[in-house]
Engineer: 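Let me give you the structure first, and then I'll get to my questions.
Letters A, B, ... are given to chains in the order of the sequence lines, protein chains preceding strands, and every chain is numbered from 1. Computation of the quantities below employed the complete heavy-atom set of this structure, encompassing side-chain atoms and omitting hydrogens, waters and symmetry-equivalent molecules.
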2 protein chains.
Amino acid sequence: MSPRIGLDLPTILQAAVEIADTRGLEEVTLASLAQKLDVRSPSLYNHVNGLSGLRSKLAVHGLEQLLHVMTQAVVGRSGDDAVRELGKAYVAFARAHPGLYDATLRAPDPQDEEVRRLAGETVDLVVRALQAYELKDDAALHAVRGLRSLLHGFSSLEQRGGFGLPLDLDVSFRLLLDTFLAGLHEMKRRAKAESKPT
Amino acid sequence: MSPRIGLDLPTILQAAVEIADTRGLEEVTLASLAQKLDVRSPSLYNHVNGLSGLRSKLAVHGLEQLLHVMTQAVVGRSGDDAVRELGKAYVAFARAHPGLYDATLRAPDPQDEEVRRLAGETVDLVVRALQAYELKDDAALHAVRGLRSLLHGFSSLEQRGGFGLPLDLDVSFRLLLDTFLAGLHEMKRRAKAESKPT
DNA sequence: TTAAATAACTAATATCGTTAGTTTTATATT
DNA sequence: AATATAAAACTAACGATATTAGTTATTTAA
């Protein structure tokens, strides 16, 4: 039932990731991929639904890995420590896999079932990491969005060389995270003061 | 000295912006642009240095507009008010011109003189907007990076539909900005406590 | 040993960016 | 006013790309 097991999906994805991370996501073409795998490009259609299908698979693959490293980063931690490690893991992943990280965001269908599942799991993970701040109702979800914005924004700008200044990037990131966390604590204090007026 | 003044750069850029904002930046091709302008694609080479040249021009054009709306947003304001208006103007621009905003970031050469100039001016503007927080030395520049990360991250994720949750985006953004500002104030307090110990 | 299923192939098409060379036309010059 | 020049727009052609259709080959199952 499976003749000629030369190529398979993991092999294809591995090669695609390699191209994406070294040459950039836009260099991941069926032609370049086929060449790397020593195969003619139409052969790839037996494993992947064209270029857009490949990109989808790549996006899911990246989201899985990102979720994994984030999960590892927060286990056994809570509060500022958890958020800091989460953040560090996020930017470390984006730095180690620039092309793959790119792929997770230019993911086509937010409709895609797999993508939705992974996105949901990621939100859950971050919500748990933020438990210490006692955010009520939607506030936790807004905070997740905020943290994600900040992490993605930093990673994205770093990758694109958007930071022209000769300034240590790790320091910038640490300060950004510190500022956000300080803000979170302040918001918590304000909420407490609100519910328990003087 | 200028025969056949049919096409010119502003006209071309306007058409390109229109395609970018309605169909997405990747749909801005010499072919689609030529069709929209009722011209053959090689004719565009008389005004623009190929597709990459067009993208550069588009990036500069977008950066100019973005800097302009940001400048308008902060004039006559200071402190939290200035930062809040700056942030609102930023995301409003990204929402109104998704394709053009995209172009400002996938700008090729950070080496480009025009790009560097605009980037520098933008940094200066934001530094001035942050004056009220009395950030010392590099701290102001780190804060600029942080604010930009947060603004870009939010805009980028919003555009890509990366926020799957059914939650008001404006509220998320306001809270994110509030949290960042609260953090900035807290950092200022800590710095004061440091320099003037008990 | 043979049949079926499937992977990989060749061939072909449409679209894209790009270059080279030609034609056309508005402006400048006589 | 007639002409020369410069620049814009054109046609033709090439290489690269994704994709489809149809063919060949090979592994597995019967």
Engineer: How far does CD1 of A/Ile19 sit from CD of A/Gln14, to the nearest 0.5 angstrom?
Structural biologist: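 It is 11.5 Å, given to the nearest 0.5 Å.
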Engineer: Is there, by distance only and without an angle test, a donor paired with an acceptor across the side chain of A/Asn46 and the base of C/dA8 below 3.5 Å?
Structural biologist: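 Under the 3.5 Å cut-off, the side chain and the base do form a donor-acceptor pair.
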Engineer: Do any of residues 31-45 of chain A sit with a heavy atom less than 4.0 Å from DNA chain D, and if so which?
Structural biologist: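 Nucleic-acid contacts, sorted: A/Ala31, A/Ser41, A/Pro42, A/Tyr45.
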Engineer: Going by the ring pair (Phe, Tyr, Trp, His ring centres under 6.0 Å) test, which pairs reach into residues 153-174 of chain B, not counting sequence neighbours?
Structural biologist: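 Listed once each, the pairs are B/Phe154-B/Phe163, B/Phe154-B/Phe173.
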Engineer: Please work out which residues in residues 10-29 of chain B have a non-hydrogen atom less than 4.0 Å from an atom of DNA chain D and list them by number.
Structural biologist: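 Nucleic-acid contacts, sorted: none.
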Engineer: Does anything in residues 65-95 of chain B form a ring pair (Phe, Tyr, Trp, His ring centres under 6.0 Å)? List the pairs, not counting sequence neighbours.
Structural biologist: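 Sorted result for residues 65-95 of chain B: B/Tyr90-B/Tyr101, B/Phe93-B/His97.
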Engineer: Could I get the full list of side-chain hydrogen bond (donor to acceptor under 3.5 Å, both in side chains) partners for B/Asp80, not counting sequence neighbours?
Structural biologist: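 So B/Asp80 forms a side-chain hydrogen bond (donor to acceptor under 3.5 Å, both in side chains) with B/Tyr133, B/His185.
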Engineer: Going by the salt bridge (charged side-chain N to carboxylate O under 4.0 Å, His left out) test, which pairs reach into residues 135-153 of chain B, not counting sequence neighbours?
Structural biologist: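 Pairs touching residues 135-153 of chain B that pass the test: none.
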Engineer: Taking CG from B/Leu51 and C1' from D/dA16, how many angstroms apart are they, rounded to a whole number?
Structural biologist: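 Atom-to-atom, B/Leu51 to D/dA16, this comes out as 14 Å.
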Engineer: Does a nitrogen or oxygen in the side chain of B/His47 sit under 4.0 Å from OP1 or OP2 of D/dA9?
Structural biologist: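 True: B/His47 side-chain N/O within range (under 4.0 Å) of D/dA9 OP1/OP2.
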Engineer: Any salt bridge (charged side-chain N to carboxylate O under 4.0 Å, His left out) involving residues 17-34 of chain B? Give me the pairs, sequence neighbours left out, ordered by first then second residue.
Structural biologist: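 Matches after skipping sequence neighbours: B/Glu18-B/Lys36.
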Engineer: Output side-chain donor-acceptor pairs under 3.5 Å for residues 175-184 of chain B, partner residues at least two apart or in another chain, one line each.
Structural biologist:
from, atom 1, to, atom 2, distance (Å)
B/Asp178, OD1, B/Arg84, NH1, 2.3
B/Thr179, OG1, B/Leu175, O, 2.7

Engineer: Specify the separation, in whole Å, of atom CG of B/Leu30 and atom C1' of D/dC10.
Structural biologist: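 Atom CG in B/Leu30 sits about 16 Å away from atom C1' in D/dC10.
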Engineer: B/Arg116: which residues meet the side-chain hydrogen bond (donor to acceptor under 3.5 Å, both in side chains) condition with it, sequence neighbours left out?
Structural biologist: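 B/Arg116 satisfies side-chain hydrogen bond (donor to acceptor under 3.5 Å, both in side chains) with no other residue.
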